[in-house]
*Asks:* 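I am attaching a structure below and will ask some questions about it afterwards.
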Amino acid sequence: MQTLFDIGGKTVLITGGVHGLGRMIAEGMLRAGAKVYVTSRKADAAQAAEQELRQLGDCVAIAADLATPAAGVALANQIKEREPKLHALINNAGKTWGAPLEQFPDKAWDPVFAVNVQGPFTLVRELLPALQAAGTQDDPARVINIGSLAGNVVERIGAFSYSASKAAIHHLSRVLAAELAERHITVNVVVPGYFPTQMTAHIRKDDAEANKLLARIPMARLGHEDDIAGLCIFLCSRAGRYLTGSELYVDGGMSGCR
């Protein structure tokens with residue numbers, strides 16, 4: 001029981017791990033003893049994050065703009081050159097686009113789906129050798145795709161392509177889970193609700209809007225860092241080894257209590 005949630009010594013890649021939810025997950029993983037790779041679109045942000053996160057553990061930050069399949073292939077090659085085994089891939093990097101329906105442009109679709117759906121698929125495909133090398137029947141390798149509440153329930157946030165892309169990654173994860181189970185790789189989706197990130201900054205700055213949001217959350221608060229980091233640690237530990245094809249909601253009851 002003392003080692004049930006232990007992830008010490010595991011190697012984890014978290015895309016978009018420099019800011020927001022990815023940063024929360026990265027800090028939790030490092031504190032739990034994992035070696036963590038994080039990515040950022042910007043080289044200076046990656047360098048700064050590495051210096052900060054290395055105070056918590058073994059962390060390497062890589063500049064990678066995952067807007068194209070070629071960038072995903074390049075990132076995977078860097079990881080495979082450095083690590084013979086990858087115990088967990090956490091596809092957190094995401095892109096959104098918001099506008100009223102009448103002004104929502106056609107150009108808002110391809111780049112959002114490229115990052116939120118095709119990017120995770122490309123990384124899974126390219127990192128299969130490292131994931132398979134790490135996975136066993138008793139301790140599979142893990143793929144965790146970060147979904148969104150907006151991909152499951154109707155959130156009127158004016159992010160039409162984002163909501164559709166998150167619904168897509170939820171289903172793609174189930175398809176990949178079925179495909180990879182026999183290779184000792186699990187695939188699950190973590191579905192966050194509202195957390196104090198850049199995506200919710202405009203709400204949190206407006207007291208009236210913030211109170212309206214809290215009134216919609218049964219637990220009456222935003223998510224904390226430990227809420228999402230703890231769930232990812234659970235999935236990567238022995239405690240989570242028998243879950244695959246699942247969607248795990250960390251949203252304070254917004255989906256389950258409706």
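Both backbone and side-chain heavy atoms feed into the values below; hydrogens, waters and symmetry mates do not.
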*Asks:* Give the cluster check for Val18 versus Val60: same hydrophobic cluster or not, with ILVMFWY residues linked at side-chain heavy-atom distances below 4.5 Å.
*Replies:*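 Per the 4.5 Å side-chain linkage, Val18 and Val60 are not co-clustered.
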*Asks:* What do the steps show when you test Asn91 against Leu123 for side chain to side chain contact (heavy atoms under 4.5 Å, CB included), and what is the final call?
*Replies:* CA-CA 8 Å; Asn91 286 306; Leu123 283 175; 3.5 Å; yes
*Asks:* State, to 0.1 Å, how close Ala46 and Ala63 come at their nearest heavy-atom pair, and which atoms those are.
*Replies:*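 Taking every non-hydrogen atom into account, CB-N, 4.2 Å.
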*Asks:* Checking the side chain of Ser163 only, and the main-chain atoms of Phe160 only, is there a donor and an acceptor separated by less than 3.5 Å?
*Replies:*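 No, the answer is negative, given that no donor and acceptor are paired below the 3.5 Å cut-off.
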*Asks:* Taking the side chain as everything from C-beta on, heavy atoms only, tell me whether Pro192 gets closer than 4.5 Å to Ile146.
*Replies:*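 The answer is yes, as the side chains (C-beta and beyond) meet within the 4.5 Å cut-off.
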*Asks:* Using 30° and 60° as the class limits, which term best fits the ring planes of Trp109 and Phe104: parallel, tilted or perpendicular?
*Replies:*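 Perpendicular: the ring planes of Trp109 and Phe104 meet at over 60°.
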*Asks:* Between Arg174 and Glu247, is there a salt bridge with N-O shorter than 4.0 Å?
*Replies:*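 Between Arg174 and Glu247 there is a salt bridge, with a charged N closer than 4.0 Å to a carboxylate O.
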*Asks:* Do the side chain of His170 and the main chain of Ser148 share a donor and acceptor less than 3.5 angstrom apart?
*Replies:*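 Confirmed, His170 side chain pairs with Ser148 backbone.
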*Asks:* Between CD1 of Ile217 and CG of Asp251, what distance do you get to the nearest 0.5 Å?
*Replies:*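 So the CD1 of Ile217 and the CG of Asp251 are separated by 8.5 Å.
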*Asks:* Does the side chain to side chain contact (heavy atoms under 4.5 Å, CB included) test come out yes or no for Leu235 and Arg241, once each step is laid out?
*Replies:* CA-CA 7 Å; Leu235 283 172; Arg241 65 183 177 177; over 6 Å; no
*Asks:* Examine distances only and state if a side-chain atom of Arg142 and a backbone atom of Ser237 form a donor-acceptor pair shorter than 3.5 Å.
*Replies:*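 Checking the backbone N and O of Ser237 against the side chain of Arg142, a donor-acceptor pair under 3.5 Å is found.
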*Asks:* For the pair Asp226 and Arg31, find out whether any cationic side-chain nitrogen is under 4.0 Å from an anionic carboxylate oxygen.
*Replies:*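 Looking at Asp226 and Arg31, the cut-off is not met.
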*Asks:* Flag yes if Ile79 and Ile185 sit in one hydrophobic cluster, no otherwise; membership is Ile, Leu, Val, Met, Phe, Trp, Tyr, and two members link when side-chain heavy atoms are under 4.5 Å apart.
*Replies:*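 Cluster IDs for Ile79 and Ile185 match.
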*Asks:* Using a 4.5 Å cut-off on heavy atoms from C-beta on, say whether the side chain of Asn116 contacts that of Lys166.
*Replies:*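 Touching, per the 4.5 Å side-chain cut-off.
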*Asks:* Answer yes or no: is there a donor N or O on one side and an acceptor on the other, between the side chain of Thr200 and the main chain of Ile203, under 3.5 Å?
*Replies:*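 No: the side chain of Thr200 does not pair with the backbone of Ile203.
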*Asks:* Looking at every heavy atom in both Ala229 and Ile25, which two are closest together, and how far apart are they?
*Replies:*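 Taking every non-hydrogen atom into account, CB-CA, 4.2 Å.
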*Asks:* Counting only heavy atoms not in Lys80 (residues, nucleotides, ligands), do more than 12 fall under 6.0 Å from its NZ?
*Replies:*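 For Lys80, atom NZ is crowded (more than 12 foreign heavy atoms under 6.0 Å).
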*Asks:* Does the salt bridge (Lys or Arg N to Asp or Glu O under 4.0 Å) test come out yes or no for Asp207 and Arg204, once each step is laid out?
*Replies:* CA-CA 7 Å; Asp207 288 342; Arg204 291 181 286 116; over 6 Å; no
*Asks:* Taking Leu89 as the starting point, is it possible to reach Ile62 by hopping between hydrophobic residues whose side chains are less than 4.5 Å apart?
*Replies:*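 Yes; tracing contacts between hydrophobic side chains, which count when under 4.5 Å, links both residues.
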*Asks:* Could you check whether Glu225 pairs with Arg23 (Lys NZ or Arg NE/NH1/NH2 to Asp/Glu carboxylate O, under 4.0 Å)?
*Replies:*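 Answer for the salt bridge query: no.
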*Asks:* With side chain to side chain contact (heavy atoms under 4.5 Å, CB included) as the test, would you mind laying out the steps for Ile169 and Val189 before giving the verdict?
*Replies:* CA-CA 8 Å; Ile169 195 64; Val189 184; 5.5 Å; no
*Asks:* Give the minimum heavy-atom separation between His87 and Lys10, together with the two atoms involved.
*Replies:*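 Between these two residues, the closest heavy atoms are ND1-CA, 3.6 Å.
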*Asks:* Around atom CD of Gln103, are there more than 12 heavy atoms from other residues, nucleotides or ligands closer than 6.0 Å?
*Replies:*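 Count over threshold, so yes.
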*Asks:* Can you tell which of Glu83, Arg82, Glu50 makes a side chain to side chain donor-acceptor pair (under 3.5 Å) with Tyr37?
*Replies:*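 With Tyr37 as partner, Glu83, Arg82, Glu50 yield a single side chain to side chain donor-acceptor pair (under 3.5 Å), made by Glu83.
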*Asks:* Looking only at non-hydrogen atoms, find the nearest pair between Val115 and Ala67 and report the distance.
*Replies:*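 Scanning both residues completely, I find the closest heavy atoms to be CG2-CA, 3.8 Å.
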*Asks:* For a quick check under 3.5 Å, do Glu155 and Tyr194 share a side-chain donor-acceptor pair by atom type?
*Replies:*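 Yes, a side-chain donor-acceptor pair sits under 3.5 Å.
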*Asks:* Can you find a heavy atom in the side chain of Leu30 that is under 4.5 Å from one in the side chain of Glu27?
*Replies:*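 Result no, sub-4.5 Å side-chain heavy-atom pair not found.
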*Asks:* At their closest point, which heavy atom of Leu53 faces which heavy atom of Gly17, and how far apart are they?
*Replies:*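 So the minimum-distance heavy-atom pair works out to CD1-O, 4.5 Å.
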*Asks:* Contact between Met254 and Arg216 at the side-chain level, heavy atoms closer than 4.5 Å - yes or no?
*Replies:*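 In short, these two side chains touch, coming nearer than 4.5 Å.
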*Asks:* Shortest non-hydrogen contact from Leu214 to Arg221?
*Replies:*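 Distance-wise, the nearest heavy atoms are CD2-CA, 3.7 Å.
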*Asks:* Roughly how far, to the nearest 0.5 Å, is CZ of Phe113 from OG of Ser165?
*Replies:*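 Separation between the atoms: 5.5 Å.
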*Asks:* Just wondering, do Trp97 and Lys107 contact through their side chains at under 4.5 Å, heavy atoms?
*Replies:*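 Side chain of Lys107 against side chain of Trp97, heavy atoms only: contact under 4.5 Å found.
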*Asks:* Could you grab the distance from atom CD of Gln47 to atom CG of Asp44, nearest 0.5 Å is fine?
*Replies:*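 Gln47 CD to Asp44 CG: 8.0 Å, rounded to 0.5 Å.
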*Asks:* Under 3.5 Å, side chain of Thr3 to main-chain N/O of Asp6, donor-acceptor pair present?
*Replies:*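 Flag not set: sc Thr3 to bb Asp6 has no pair under 3.5 Å.
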*Asks:* Which value, rounded to the nearest 0.5 Å, describes the distance between Asn152 atom CG and Tyr249 atom OH?
*Replies:*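 One gets 3.0 Å once the value is rounded to the nearest 0.5 Å.
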*Asks:* Indicate, with yes or no, if Leu172 and Ile90 share a hydrophobic cluster defined by side-chain heavy-atom contacts under 4.5 Å among Ile, Leu, Val, Met, Phe, Trp and Tyr.
*Replies:*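 In one cluster with Ile90: Leu172, no.
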*Asks:* Run the side chain to side chain contact (heavy atoms under 4.5 Å, CB included) test on Leu21 and Asn92 for me, step by step, so that the C-alpha distance in whole Å, both residues' side-chain angles and the decisive distance to 0.1 Å come before the verdict.
*Replies:* CA-CA 8 Å; Leu21 294 177; Asn92 167 78; 3.8 Å; yes
*Asks:* Taking Lys42's backbone N and O only, do any of them form a donor-acceptor pair with Ser40's side chain (distance below 3.5 Å, no angle check)?
*Replies:*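 Checking the backbone N and O of Lys42 against the side chain of Ser40, a donor-acceptor pair under 3.5 Å is found.
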*Asks:* Give, for atom CD of Gln2 and atom CG of Leu4, the distance between the pair rounded to the nearest 0.5 Å.
*Replies:*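 That separation rounds to 11.0 Å.
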*Asks:* What I'd like to find out is whether the side chain of Thr39 reaches to under 4.5 Å of the side chain of Leu13, using heavy atoms alone.
*Replies:*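 Counting from C-beta outward, Thr39 and Leu13 do come under 4.5 Å.
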*Asks:* Would you confirm whether Ser161, through its side chain, and Val112, through its main-chain N or O, come within 3.5 Å as a donor-acceptor pair?
*Replies:*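 Flag not set: sc Ser161 to bb Val112 has no pair under 3.5 Å.
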*Asks:* Quick one, Thr186 and Leu243 - any side-chain contact, counting heavy atoms below 4.5 Å?
*Replies:*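 No - every pair of side-chain heavy atoms lies 4.5 Å or more apart.
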*Asks:* Mark yes or no for whether Asp227, through its side chain, and Gly223, through its backbone, hold a donor-acceptor pair below 3.5 Å.
*Replies:*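 No, Asp227 side chain to Gly223 backbone: no donor-acceptor pair under 3.5 Å.
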*Asks:* What is the distance from atom CG of Asn145 to atom CG of Asn188, rounded to the nearest 0.5 Å?
*Replies:*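 Spacing of CG (Asn145) from CG (Asn188) equals 9.0 Å.
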*Asks:* Any heavy-atom pair between the side chains of Ile14 and Val12 that's under 4.5 Å?
*Replies:*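 A side-chain contact under 4.5 Å exists here.
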*Asks:* Treat each ILVMFWY residue as a node, draw an edge where side-chain heavy atoms are under 4.5 Å apart, and state whether Ile233 and Val36 are in one component.
*Replies:*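 Hydrophobic grouping puts Ile233 with Val36.
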